Amino acid sequence: MISSDRMAAVDENAAALGVPRKQLMESSGNAVARAVRDHADPGASVAVVAGRGNNGGDAFVAARFLDDYDVTVHLLGRPESISTDIARENWAALDEAEYDARVVTDSKSLELGSPDVVVDAMLGTGVTGALREPEATAAERMNALDAPVVAVDVPSGVDADTGEAEGVAVDADHVVTFHDEKPGLASLDAEVTVADIGIPRAAELFTGPGDLRSLSRESESHKGDHGEVLVVGGGPYSGAPALAAQASLRAGADLVRVACPDSVAREVQAYSENLIVRPFDGDHLRPENVDSLVELAGDHDVTVFGPGLGGDDETLEAVAEFLAEYGGTAVVDADALQVVPEVDTEATLVCTPHQGELRKMGGETADDWQDRAELVESFAAELGHVLLVKGAYDVVSDGEETRVNRTGNPGMTVGGTGDVLAGATGALACVLSPLHAAAVGAYANGRAGDDAVAENGYGLLATDLVDRLPAALRREE
Ligand SMILES: NC(=O)C1=CN([C@@H]2O[C@H](COP(=O)(O)OP(=O)(O)OC[C@H]3O[C@@H](n4cnc5c(N)ncnc54)[C@H](O)[C@@H]3O)[C@@H](O)[C@H]2O)[C@@H](O)CC1
Ligand SMILES: [K+]
């Protein structure tokens, strides 16, 4: 099963891997033509009703794969209003080659006749709201015909994620959907075929630019909409929590507070005026600090737990108590990680170990990234938490779904890059699912590192990553 949002991300990742959408459209159209052949023999008449998006584009391609049929393509709307270049190019190809391709600007002039098969390519995953005109009338006309209706990707008017329609929708007999099943199709009274259109598995497995799609913002946004993060860290170190907190801000959080021991509060604040510091008593985290921290954490969307806390016995005891009491979402890093396997917690955790820390948690690792991905997936299932295991190929898994990140370079072995990753992931977890936040965090952190090395060579500082996070999270359109 794949949602429309994820499908769009995967499609963009495929393009970044060198398999552009026009090529996928060629495969989609071919698959639609094969489905038409299941319903009628060569020579039969086929009416294709196409919209102005890529759903229509798929059907323009299908017409070319049905040269031995009597095909008529009806485009609803003017060719100039076709909304994508690839659909327009495929329309132009039909027009140039003198196919029977007609422009229908008004539903009254839609003459379907009595075809043997109807292809519904008005709208696919791009539908918003109820079908407008001329699509609504065209749907009613198609439903009234005796001929079987083959729908491209999803019956027009139906929401691919929910299976629901806000108004009239095409009543399809057969749906040819692409790449993977769509959640909304199962409840329909139609035969559903999933066509492999040549999207590489890597487009789903490896993080890519398409994964940044989900970070687009509404123009009407308010302070707090993009998340409030609490970083709990510091004690033996003061730089780590400051780095994590700055990374959270650079990854888009609206407000970030740092809870750290009194002893390092001034140092943490001195790193940046952008930080809000909330000190607690002492020079390292202790069990007596836990209750007030849990309360403070409750006012935030996500807690980033661990940067610079150190591994003192009292501190680890406090970490265990915090996790046992806390019910929100936390990114857990550094020394705090070793406590996770023993704790019974209601919290949603994203654990960010490097391979040494993973072993300390009781997890196994392997040199080959594919073997490692399998081991991480089963350990994540055992823990019941999301794991982001850092390495040349970072592995992210919630125990069911696994993603692998290939950005990053050997310059990132310098201290502090893990704190940046934890902070960025915390900010992202305010607006994305934990698995997706970890995947995008790893992708952006590595991309920031790649940009820094491309500019200056090795010898990068963790602060170089912080400054480059916004660009690394920006989607090029
Ligand atoms: N990986 C993918 O995502 C692939 C998608 N493909 C096809 O692309 C389709 C999605 O294409 P698009 O994003 O261009 O979207 P669609 O082609 O589904 O629809 C977009 C068009 O519909 C119009 N529209 C939206 N809501 C409407 C309504 N209620 N009434 C009337 N018109 C309405 C829009 O103005 C726009 O012109 C998929 O369903 C599939 O058929 C394939 O070509 C290949 C791969
Ligand atoms: K359709």
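In this text, all values refer to a predicted model and were calculated from it rather than measured experimentally. Every number for a ligand or one of its atoms is a count from 1 in the order of the listing.
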Visitor: With atoms numbered from 1 as shown, which atoms in ligand 1 lie under 4.0 angstrom from a non-hydrogen atom of Ser83?
Guide: 36 (C), 37 (O)
Visitor: Please state which part of Asp153 comes within less than 4.0 Å of ligand 1, counting heavy atoms only: side chain, backbone, both or neither.
Guide: side chain
Visitor: With a cut-off of 3.4 Å, does Val154 place any N/O/S atom under that distance from the K ion (ligand 2)?
Guide: yes
Visitor: May I have the angle between Asn55 OD1 and Ser156 OG with its vertex at the K ion (ligand 2), rounded to 10°?
Guide: 100°
Visitor: If you measure from atom 4 (C) of ligand 1 to every heavy atom of Arg21, Lys22, Arg52, which option wins on shortest distance?
Guide: Arg21
Visitor: Please report the shortest heavy-atom distance between Leu76 and Pro134, naming the atom on each side.
Guide: CB-CG, 4.1 Å
Visitor: Please check if any side-chain donor atom of Thr303 sits under 3.5 Å from a side-chain acceptor atom of Tyr326, or the reverse.
Guide: yes
Visitor: If you have a sec, read the angle at the K ion (ligand 2) from Leu123 atom O over to Val152 atom O, to 10 degrees.
Guide: 110°
Visitor: Atom 10 (C) of ligand 1: which protein heavy atom is closest, and how many Å away?
Guide: Thr125 OG1, 3.3 Å
Visitor: Tell me whether the rings of Phe206 and Tyr393 are parallel (<30°), tilted (30 to 60°) or perpendicular (>60°).
Guide: perpendicular
Visitor: With side-chain contact (heavy atoms from CB on, under 4.5 Å) as the test, would you mind laying out the steps for Asp196 and His179 before giving the verdict?
Guide: CA-CA 5 Å; Asp196 184 341; His179 181 63; 5.6 Å; no
Visitor: Please examine the side chains of Leu212 and Arg447, heavy atoms only from C-beta on, and report whether any two atoms are closer than 4.5 Å.
Guide: yes
Visitor: How about CD on Glu455, more than 12 heavy atoms from neighbouring residues, nucleotides or ligands closer than 6.0 Å, or not?
Guide: yes
Visitor: Less than 4.5 Å apart, side chain to side chain, heavy atoms only: is that true for Asn445 and Met412?
Guide: yes
Visitor: Quick check on atom 40 (C) of ligand 1 - does any protein heavy atom sit closer than 4.0 Å to it?
Guide: yes
Visitor: Starting from atom 9 (C) of ligand 1, what is the nearest protein heavy atom, named by residue and atom, and what distance separates them?
Guide: Asn55 N, 3.7 Å
Visitor: Which is closest to atom 42 (C) of ligand 1 by heavy-atom distance: Val10, Asp58, Leu131?
Guide: Asp58
Visitor: Can you tell me if Ser28 has a non-hydrogen atom under 4.0 Å from ligand 1?
Guide: yes
Visitor: Nearest protein heavy-atom contact for atom 2 (C) of ligand 1: which residue, which atom, what distance?
Guide: Asp11 OD1, 3.3 Å
Visitor: Please determine whether side-chain contact (heavy atoms from CB on, under 4.5 Å) holds for the pair Trp91 and Val73, giving the CA-CA distance in whole Å, both sets of side-chain angles, and the decisive distance to 0.1 Å.
Guide: CA-CA 10 Å; Trp91 167 262; Val73 179; 4.2 Å; yes
Visitor: I need the minimum non-hydrogen distance between Ile199 and Ala14, along with the two atoms involved.
Guide: CG2-CB, 4.3 Å
Visitor: What protein heavy atom lies closest to atom 32 (N) of ligand 1? Include the residue and the distance to one decimal.
Guide: Arg132 NH2, 3.6 Å
Visitor: Return a yes/no value for Ala130: is any of its N or O atoms, backbone included, closer than 3.5 angstrom to an N or O of ligand 1?
Guide: yes
Visitor: Within the 4.0 Å heavy-atom shell around Phe178, which atoms of ligand 1 are there?
Guide: 41 (O)
Visitor: Once you restrict to heavy atoms under 4.0 Å, what part of Val154 touches ligand 1? Side chain, backbone, both or neither.
Guide: neither
Visitor: Look at ligand 1 and say whether Gly129 reaches it with a heavy atom at a distance under 4.0 Å.
Guide: yes
Visitor: Measure Ser81 to ligand 1 on non-hydrogen atoms and call it side chain, backbone, both or neither using the 4.0 Å cut-off.
Guide: neither
Visitor: Could you pull out the closest heavy-atom pair between Asp159 and Asp161, with the gap in Å?
Guide: OD1-N, 2.7 Å
Visitor: Is it the side chain, the backbone, both or neither of Glu135 that has a heavy atom closer than 4.0 Å to ligand 1?
Guide: side chain
Visitor: How close does the nearest protein non-hydrogen atom get to atom 14 (O) of ligand 1, and which residue and atom is it?
Guide: Asn54 N, 2.8 Å
Visitor: Output yes when a side-chain donor or acceptor of Asp120 lies under 3.5 Å from a complementary backbone atom of Ser156, and no otherwise.
Guide: yes
Visitor: For Gly126, is at least one N or O under 3.5 Å away from an N or O on ligand 1?
Guide: yes
Visitor: Between Asn90 (side chain only) and Phe60 (backbone N and O only), is there a donor and an acceptor less than 3.5 Å apart?
Guide: no
Visitor: For atom 26 (N) of ligand 1, find the nearest protein heavy atom and state the residue, atom name and distance (0.1 Å precision).
Guide: Thr128 N, 3.0 Å
Visitor: Can you see which heavy atom on Val10 is nearest to which on Ala203, and at what distance?
Guide: O-CB, 3.6 Å
Visitor: So does Glu12 pair up with Arg475, basic N to acidic O under 4.0 Å?
Guide: yes
Visitor: Return the name of the atom in Asp120, of element N, O or S, nearest to the K ion (ligand 2).
Guide: O
Visitor: If you have a sec, work out which protein heavy atom is nearest atom 21 (C) of ligand 1 and how many Å separate them, to one decimal?
Guide: Leu123 CD2, 3.9 Å
Visitor: Measure across Gly157 and Val127 and return the closest heavy-atom pair with its distance rounded to 0.1 Å.
Guide: CA-CG2, 4.3 Å
Visitor: Quick check on contacts: which atoms of ligand 1 are under 4.0 angstrom from a heavy atom of Gly124?
Guide: 16 (P), 18 (O), 39 (O)
